[in-house]
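Reading through the C-alpha cells given below for one structure.
Residue numbers start from 1 in every chain, and the chains themselves are labelled A, B, ... in the order their sequence lines are given, proteins ahead of strands.
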Amino acid sequence: MDINVVLSQIDSEIQNINSSEALEEFRLKYLGRKGIVAELTSAIPSLSKEERAVFGQQVNSLKNKLLSIIAEKQKTLSASANKASVSFDIGMPGIAQEFGHLHPLTQITEEICSIFSRMGFSVVDGPEIETEYNNFTGLNIPLEHPSREAFDTFYLKDYSKMLLRSHTSPVQVRVMKDKKPPLAIVVPGRVYRPDAVDASHSFMFHQVEGFMVGKDIKFSDLKGLLEIFAKAIFGNDIKMRFRPHFFPFTEPSAEVDISCIICKGKGCSACGRKGWLEILGSGMIHPNVFKQVGIDPKKYTGFAFGMGVDRIAMLKYGINDIRLFFENDLRFLRQF
Amino acid sequence: MKVTYNWLKDFVDIKIPARELADKLTMAGLEVVSLEEKAGDFVFEIEITSNRPDWLSILGVAREVSAITNSKLKNQDLKLKGKTTKGDFKIEIEDKTDCSLYSARIIKNLKVAPSPEWIRKRLELVGCRSVNNVVDITNYVLFELGEPLHAFDLDKLNSEKIIVRRGKSGEKISTIDGTESNLSKDVLVIADKDKAVAVAGVMGGKDTEVSFATKNILLEAALFNPIIIRRSRQAIGKASESSYRFERGIDLDMVARASLRAAQLLEEYCGAEEVSFNLSGLNKSKETKIDLDITYASKILGINLAVVKVKQILIGLGFKTKQKSKNILSVGVPSFRQDVKQPVDLVEEAARIFGFERISNSVPSVKSDVTLNMQRSLVSDIKNMLVGLGLSEAITYSLIDRPGLTNSGFEFGVNPVGIMNPLSQDQEILRPTLLLGLGRAISFNLNQKQEFISLFEIANIFKAGTGPQEELSLGIVLSGVKPFFTASGLVKDEVNLLNIKGILETIFKRLGVTDYEFVSQAANFVDIYIQKEKIGSMLCLDQQALNSLGIKNKDVFLCELSLDKFFHFVQLNKKFAPLPKYPGITRDISFILKDGFSVKDILILLKEKGQPFLREVKVTDYYKGKQIPSGWRGLTLSCLYASGERTLTEKEIQPAHDLLCASLTQQFEAKLR
C-alpha cells in the first residue's frame, strides 16, 4: 500500500465526517487493531534495514497525523453538539409529581398537637358519639341548668342519652377513669353543636382539649404552659392575659386572650375594637370532676384547657368565613 | 347585661374613670364587651357568666366594684314613711318546692302616670322601655336589685287570695305581650280563684295588667324554683328579664328588700298609701360555712397568699370570715352567693380579686408517656402519602340529609343513625359513608371549572347497630383529566379506577400490607380484600348518582375503605432479606390479549408454572391502539429467573420460559408478538 495514497485519502475522508459514530468508524479503519496503520506496521520487518528506517518514520508520522486530525474533528463535532443544546430552556416548567394539600384544619391541629407533644403531652383520640354522662354530668354540668345552654347538643334518635359530643372534654372523663395520674394529654377532634350556619358559626367544628393531672399542678403552671404554647403558635411578640371566667368543669377558670394579631392591640374589626382576641378557655380541674372519675382531689390537682381549631386557623391565616373549611374548594385548599 | 356608671354610684363611690373601671371589671371576670357614653352617663355592657346571678343587678356589680376598688357599699338602708300592717290577704302555695317564698304587698290609692324623667332615662340606658310609673318602678327594682317583681291590678283579681299552682291542661292565658299561651302541668302559674293571672316568673297576664286606670295593686315579690321557671319558659316559648334571673337563681334575702324598695319608690313617686304586707314561705336563708385553708389556696394557685389579704378580699365581696387557726378561715357565705359551695370556690374569689395577672408563670415538670398513638401516627402517615401522590384533603360534614344519600345510591343497605333534634333536614342523619360528601365536593369543584380533581377524607362514618357504631374510614375521589409534563411534552391522562388502585397499592406496600386483592363485583364496582377480609370498595359513579350530584359529562371514581379494619393488617416491622448472590436473567414476553381475560389470572398462573426459577413476573408495558386489533390489548411481561445456588444459564431457563409462553397461548388465547 502506498503511504502517500493513504495520506491524500484521509484528508478527503475526514472532511465528510459529520458524526461521532462516523469518526469512530474512521478511527477503527486506520488505527484499529486490524486497521491500515497496523497493516503497514506489520510490513516493516520484511523490509531492508535502510528502507525500514525511512518507512518506519513515514508510518509514524501518518499515525501522528491521524491522531491529530481525529482529535481536531472531535473538537468541532462536540462544539456543534453544544450548539444544538442551546435550544434547551431551563425556563420551562420543571417535571415532578405535584403535591396535594393537607386541609388547613389538619395542619393547625397537627401544629397545636406537636407543640404540646414537644412539651411531653400524649395525643389521645375519643369517640364522637358520647354518653350524656361523659359530655355533661361527669364534667360537673348539671342537666337542667343555664350553664348547659352554652353546650347545646345534638341527641341521637333511637339511643337514649347518647349524643354527639359538644366539646372534646368528655375525653378527660374517659382518660381519667382509665389511667392513673400523672397525666399530660391533648385531645384533638370534631365536635358538634346545633348552631345555625353563618360566617362565624358551624354545627360542626374542631377543638383541641388538653389537661394535666399530678400531685403538684398549679394555676401558675397553666399560665406558664399556655404562654409557651401561644407564643409558639402566634409568635413571640404577642401579649397574653388570663381573664376570670366560668366553666362548670374548672375552678378557678380563665379565658385566655392574646393581643390582636391583626392590629397589634390597637383595636380593629377582627377583635371587635377590644385589641384582644379570645383563643382558649382554661382552668384548674374542678374537684367535683375528680370525684366523678375516682381521683382523690386531696391528693391530685390538675388543669385543663380547650380551644377552637377553626377559630385559630381563621386568625392565623386571615380566613373570614368558617364555611370555607367545609366547601373543599380546590382554589382554597391549594393555598395551604 | 347593661349597667350605668351613675347608677352604680348610688351604691359605691367610684374614683376611677369609666374606661379604667371597665378594664378592672373585665379582669375580675365581668367582661365588659362595650362601653358607651350616653346622655351624660356611661353604659357598660357586661357578659355575665351563668354561675353569677348576683351580678345581674346594679347592686351586684356595685358590690364587685367595691371589692375591686376597696371602697364600702353605701345606701343599704330602706325605710317607708307610712305604716306597714300585716294584712289578711291569703297566699296559697300548692307546692313549696316550686315556690319557696311568696310575698304580696297590697298598695292602695296610687296614681298611675308617666314615670319621672330620671327613672325613664335609667331604664332606657339599660335597654328597658318605659310603660308607666308603677310598671317602671317594678322594672327599676328588678335591674337595681336583681329580684323580679310583678304588679297586678288588685281590682281585677277575682278573690282575696293568691294561688301559686301548676297550670291545668286546656287552660289558657293571654299575656301582656298580647299573645295567648296554652298552659300545662309543666307551667307554674299565679292564679286567683277562677283563673291563671300570670305565668309565674315569666310574664304577667293581660287581664290584670296595670293600666292608667289602676288604683290599687298587689305587688308580688317571690322566689320560684329555677327548674320550673326554665320549663315554663320553654313550654310557653317566651323569655323575659324575670325568667332569665329566676332560672339562674334569686337571692332569698332579696325578696322582702326588693318589695320594700318598690314600695318606697311607689310611695314617693305614685302617691301610694301602703296598706299591708303578707308573706308566705321561708323567710330567712341559712348561712353556709366553709373552712378555707390558705395553704391549700396557695398550693392550687402557685403563689404565697397572705391570710390577711384573703380575708380582706372575702369581706369586700360580702363574705363573713373568722380566723379558726393560723392558716384556716371559717367563711360564712352570704345568701346571694349560692354558687360558692366548697373551698375551691373561695380560692377562685381570692385569685380573681388578687388578680390573675399577679400570679407569675411557672412550668410544670411532665412525666411523659412515650407510647406512640399508633392509630394517629398511621392516619398522619396515610394523609402525607396521599398528599405526596397529589391528592388534597377534604373535610365534609358528618351530618347529612337522607334524600341525598338515597338518591345517590350510597346507602348500600346500611342503617344510618338519626339525629333527634336537627336544625334542618340537612343534618337529619349521621353519614354512613364518606362518599356523599366527597361526591358533592367533586360536583362543587367541577362547577368551578376544575379540570382534574383528586380529594380524600379520613373521618368517622356511623352505622346503627345494637349501639351506634363509628368507624374510621378513608374516602378517595378522582375525576377528570390529569395533566402532567414529561420531557417530550404535556400528557393528559384520563383517570379511571386503576388510578385509585395504584394509590391504594402504594399505601398498602408502604405499610407492609401485601396480601391484598381487588375483586370485580360488577363492571364498575370492585371490592378490596386483605387476607380474605373485605375492607372496602371502589366504584365508578353510575348515571343515577351523577344526576343526583348534578354532575354532567364527567366520570367520577371513588373508593371507601375501613381504616379500623385496615390497621389490623399493617405490618411496620421490617426484615432484611439477603441480597441475591447470583445474578438473575430477565426475559420479556410480548403478546396481545383478548379483552375479558384478566392479567391478574395470568400472573397467578405464570408464577405457579415458572417454579422453581421464576422469581418475579410483572407487567412492564401495555398498549391499546393503532397496531392492536380492536377488542385486544398489547402487553409486555417481564420475567426474572434466578437461583440462590448458582448463576443460571440461558439454556437452563429456556424450557421454563417456553412453558410460560405456551401457557399464555393455550390458556389465555394470547398471541405472541
Side-chain angles (χ1 to χ4, degrees), chain A residues 93 95 97-103 105-106 119-125 127-129 144 146-147 154-159 162 182 184 190 194 196 203-204 212 214 217-221 223-225 227 241-246 251-252 254 284 287 301 325-331 333-334, chain B residues 26-29 31 49-51 227 230 247-248 300-303 342 344-345 347-348 351-352 356-357 359-364 366-369 373 376 383 386-388 390-399 417-421 423 427 441 444-445 448 450 453 455 460 468 470 485-486:
Chain A
I95 298 170
Q97 158 78 49
E98 210 178 300
F99 262 45
H101 302 263
L102 279 178
H103 197 284
L105 291 176
T106 299
M119 294 196 277
F121 282 64
S122 305
V123 186
V124 169
D125 297 296
E128 292 172 38
I129 293 177
E144 287 204 69
S147 62
F154 285 116
Y155 277 83
L156 301 191
K157 236 186 216 169
D158 306 325
Y159 300 102
M162 299 288 271
R190 284 191 190 198
F203 60 85
M204 176 180 105
M212 204 169 160
I217 304 294
K218 311 173 286 287
F219 187 76
S220 56
D221 293 336
K223 284 189 70 186
L225 208 103
E227 180 158 341
R241 68 176 190 186
F242 283 70
R243 196 160 36 72
H245 198 71
F246 168 70
E251 185 89 356
M284 299 304 289
T301 53
F325 289 129
F326 310 114
E327 252 167 18
N328 301 300
D329 189 328
L330 280 166
R331 296 168 303 176
L333 295 174
R334 282 181 186 142
Chain B
T26 294
M27 292 314 286
E31 194 190 359
T49 51
S50 64
N51 62 324
I227 291 174
R230 184 179 163 85
E247 278 185 50
R248 279 156 182 76
I300 285 189
L301 298 174
I303 41 166
Q342 46 183 300
V344 74
D345 299 325
V347 174
E348 176 171 69
R352 212 164 54 73
F356 283 1
E357 69 280 2
I359 300 173
S360 36
N361 294 0
S362 57
V363 179
V366 182
K367 267 205 193 116
S368 55
D369 173 7
N373 179 336
R376 220 183 144 67
K383 282 184 179 180
L386 289 165
V387 165
L391 290 92
S392 289
E393 186 187 13
I395 294 182
T396 65
Y397 292 124
S398 312
L399 295 169
V417 178
I419 295 295
M420 203 164 71
N421 54 336
L423 285 181
Q427 311 156 354
F444 180 90
N445 280 295
Q448 316 305 319
Q450 294 287 346
I453 303 153
L455 293 170
N460 285 324
E470 50 184 284
F485 282 110
T486 68

Under 3.5 Å: donor-acceptor pair, side chain of B/Lys383, backbone of A/His103 = no

Residue, of B/Ser360, B/Gly390, B/Pro468, that accumulates the most heavy atom pairs under 4.5 Å with chain A = B/Pro468

Top of A/Ala254, A/Pro252, A/Gly214, A/Pro244 for chain B proximity - count of heavy-atom pairs under 4.5 angstrom = A/Pro244

Given A/Arg190, A/Glu227, A/Gln97, A/Met204, the one with more heavy-atom pairs under 4.5 angstrom with chain B than any other is A/Arg190

Nearest-0.5 Å distance, CD of residue B/Glu393 to CG of residue B/Leu455 = 10.0 Å

Do the side chain of B/Asn445 and the main chain of A/Leu330 share a donor and acceptor less than 3.5 angstrom apart?
-> yes

Does any heavy atom of chain A fall under 4.5 Å from the side chain of B/Ser398, the backbone, both, or neither of them?
-> both

Of the listed A/Ile217, A/Val124, A/Thr301, A/Thr106, the one with the largest count of heavy-atom pairs under 4.5 Å with chain B is A/Thr106

At a heavy-atom separation under 4.5 Å, does A/Pro93 approach chain B through its side chain, its backbone, both, or neither?
-> side chain

B/Glu348 side chain vs B/Val344 backbone, donor-acceptor pair below 3.5 Å | no

Output, in order, the C-alpha distance, side-chain angles, deciding distance and verdict of side chain to side chain contact (heavy atoms under 4.5 Å, CB included) for B/Asn51 and A/Glu251.
-> CA-CA 12 Å; B/Asn51 62 324; A/Glu251 185 89 356; 5.6 Å; no

What are the two closest non-hydrogen atoms of B/Ala441 and A/Asn328, and how far apart are they?
-> CB-CB, 4.1 Å

Nearest 0.5 Å, what's the CG-OG distance between B/Asn361 and A/Ser220?
-> 8.0 Å

Counting heavy-atom pairs under 4.5 Å to chain A, which of B/Ile303, B/Val363, B/Ile453, B/Leu399 comes out on top?
-> B/Leu399

Considering only heavy atoms and a distance below 4.5 Å, find which of A/Glu98, A/Glu128, A/Met284 pairs most often with chain B.
-> A/Glu128

B/Leu391 versus chain A, the contacting section by heavy-atom distance below 4.5 Å | backbone

For chain A, which of B/Ile419, B/Val366, B/Leu386 has the most heavy-atom pairs under 4.5 Å?
-> B/Ile419

Measure B/Val417 against the heavy atoms of chain A and call it side chain, backbone, both or neither at under 4.5 Å.
-> side chain

Relative to chain A, which of B/Val387, B/Thr49, B/Thr486 shows the most heavy atom pairs under 4.5 Å?
-> B/Val387

Return the orientation label for the A/Phe326 and B/Tyr397 ring planes: parallel under 30°, perpendicular over 60°, tilted otherwise.
-> tilted

So, the part of A/Met212 with a heavy atom under 4.5 Å from chain B: the answer is side chain

Quick one: of A/Leu333, A/Leu156, A/Leu225, who has the most non-hydrogen atom pairs under 4.5 Å with chain B?
-> A/Leu156

Name the region of B/Ala28, side chain, backbone, both or neither, that has any atom closer than 4.5 Å to a heavy atom of chain A.
-> backbone

Side chain to side chain donor-acceptor pair (under 3.5 Å) partners of B/Glu470, counting only residues at least two apart | B/Asn460

Cut-off 4.5 Å, heavy atoms of chain B, and the answer for A/Ile129 is both

Part of A/Arg331 within contact of chain B (heavy atom distance under 4.5 Å) = both

Measure distances from A/Asp158 to the heavy atoms of chain B and classify the residue's part below 4.5 Å as side chain, backbone, both or neither.
-> neither

Name all residues meeting the side chain to side chain contact (heavy atoms under 4.5 Å, CB included) criterion together with A/Tyr155; count only those two or more places apart in sequence or in a different chain, and write none if there are none.
-> A/Glu132, A/Phe136, A/Arg148, A/Thr153, A/Leu163, B/Met420, B/Asn421

Got a donor-acceptor contact below 3.5 angstrom from the B/Ser362 side chain to the A/Asp221 backbone?
-> yes

Among A/Ala184, A/Pro182, A/Pro127, residue most engaged with chain B (heavy-atom pairs, under 4.5 Å) | A/Pro127

Just say parallel, tilted or perpendicular for the rings of A/Phe242 and A/Phe219, cut-offs at 30° and 60°.
-> perpendicular

